[in-house]
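One-based numbering, in listed order, for ligands and for the atoms of each.
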Amino acid sequence: MNIAGVKWLPGHFGPQEQSRLLELVRAAVRQAPLFQPVMPRSGKPLSVRMTNMGRLGWLSDRAGYRYQQTHPVTGNPWPEMPQMLLELWHEVSGYAHPPEACLVNFYEASARMGLHQDRDEEDLEAPVVSVSLGDTAVFRIGGLERKSPTSSIRLQSGDVVVMGGDSRLCFHGIDRVVPGTSALLKDGGRINLTLRRVTRP
Ligand code: SIN
Ligand code: FE2
């Protein structure tokens, strides 16, 4: 399905695959605990907590947005990118080289993500591929300018979104998470996995 140039694959992962992905995320979080990112300069906390898998991880702190090879708190390299996510990328990205980063965002019931563009990558030829797990989220998609008109879709557990081509730099964000919409996470909330190619091959 195509929404504002973004490819939406509802229910791409079935319940068993969602549970497997959740296990992989839990294993990664044991090794690389969720941390609380803050906004550059202001130091205001984002409402999501995050960690990463893969060679590079994205983070935000007072010094700015960036990718780095180590966890900001433990100083250790990020856990490996799971095979299952490499396979997803291969299947849906239409891009020949593997992703280098998988950002893991954890949303509590009250968390949200303001409209933004993903533009910290050198390689903008590769799409951004994202997976939703847990409670449904209201995902807002706009155009190439902050003031462009937007539309919204409800991303459910197992859905995959591919932002590539003309939609690669679209503004997007999460308006809210809808509590009680999935039983995958025992205590509710939502996990979003975002796969990205960072460097030019
Ligand atoms: C993001 O744009 O970083 C996250 C999108 C999502 O949570 O679905
Ligand atoms: Fe994003």
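Going from atom CG of L22 over to atom CZ of R20 covers 12.5 Å, rounded to the nearest 0.5 Å. Atom CG of residue L103 and atom CG of residue N192 lie 7.5 Å apart, to the nearest 0.5 angstrom.
Ionic pairing of D61 and R66 is present here: one or more N-O contacts between side-chain nitrogen and carboxylate oxygen are shorter than 4.0 angstrom. Classification of R140 and D175 as a salt-bridged pair holds, one side-chain N sitting under 4.0 Å from a carboxylate O. The pair R26-E23 meets the salt-bridge criterion, since a charged nitrogen lies less than 4.0 angstrom from a carboxylate oxygen.
For ligand 1, the polar-atom distance check against H116 finds a nitrogen or oxygen pair separated by under 3.5 Å.
In this structure, atom 2 (O) of ligand 1 lies nearest to the protein heavy atom H172 NE2, 2.9 Å. Among protein heavy atoms, atom 6 (C) of ligand 1 sits closest to N192 CG, 3.3 Å. Of all protein heavy atoms, the one lying nearest to atom 8 (O) of ligand 1 is R190 NH2, 2.9 Å.
There is a side-chain donor-acceptor pair under 3.5 Å between H172 and D118.
Close approach of ligand 1 to Y107 (heavy-atom distance below 4.0 Å) involves ligand atoms 4 (C), 5 (C), 6 (C), 7 (O). If you number the atoms of ligand 1 from 1 as listed, the ones under 4.0 Å from a heavy atom of N105 come out as 3 (O), 4 (C).
With contacts defined as side-chain heavy-atom distances shorter than 4.5 Å, the pair Y95/E125 qualifies. Put simply, the side chain of D135 does not reach to within 4.5 Å of the side chain of L185, judged on heavy atoms.
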After noting the C-alpha distance and the side-chain angles of F35 and H71, does the key distance pass the ring pair (Phe, Tyr, Trp, His ring centres under 6.0 Å) rule?
CA-CA 9 Å; F35 58 91; H71 189 285; 5.3 Å; yes
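Near the Fe ion (ligand 2), less than 2.8 Å away, sit the protein N, O or S atoms H116 NE2, D118 OD1, H172 NE2.
The residue L103 has no part lying near ligand 1, judged by heavy-atom distances below 4.0 Å.
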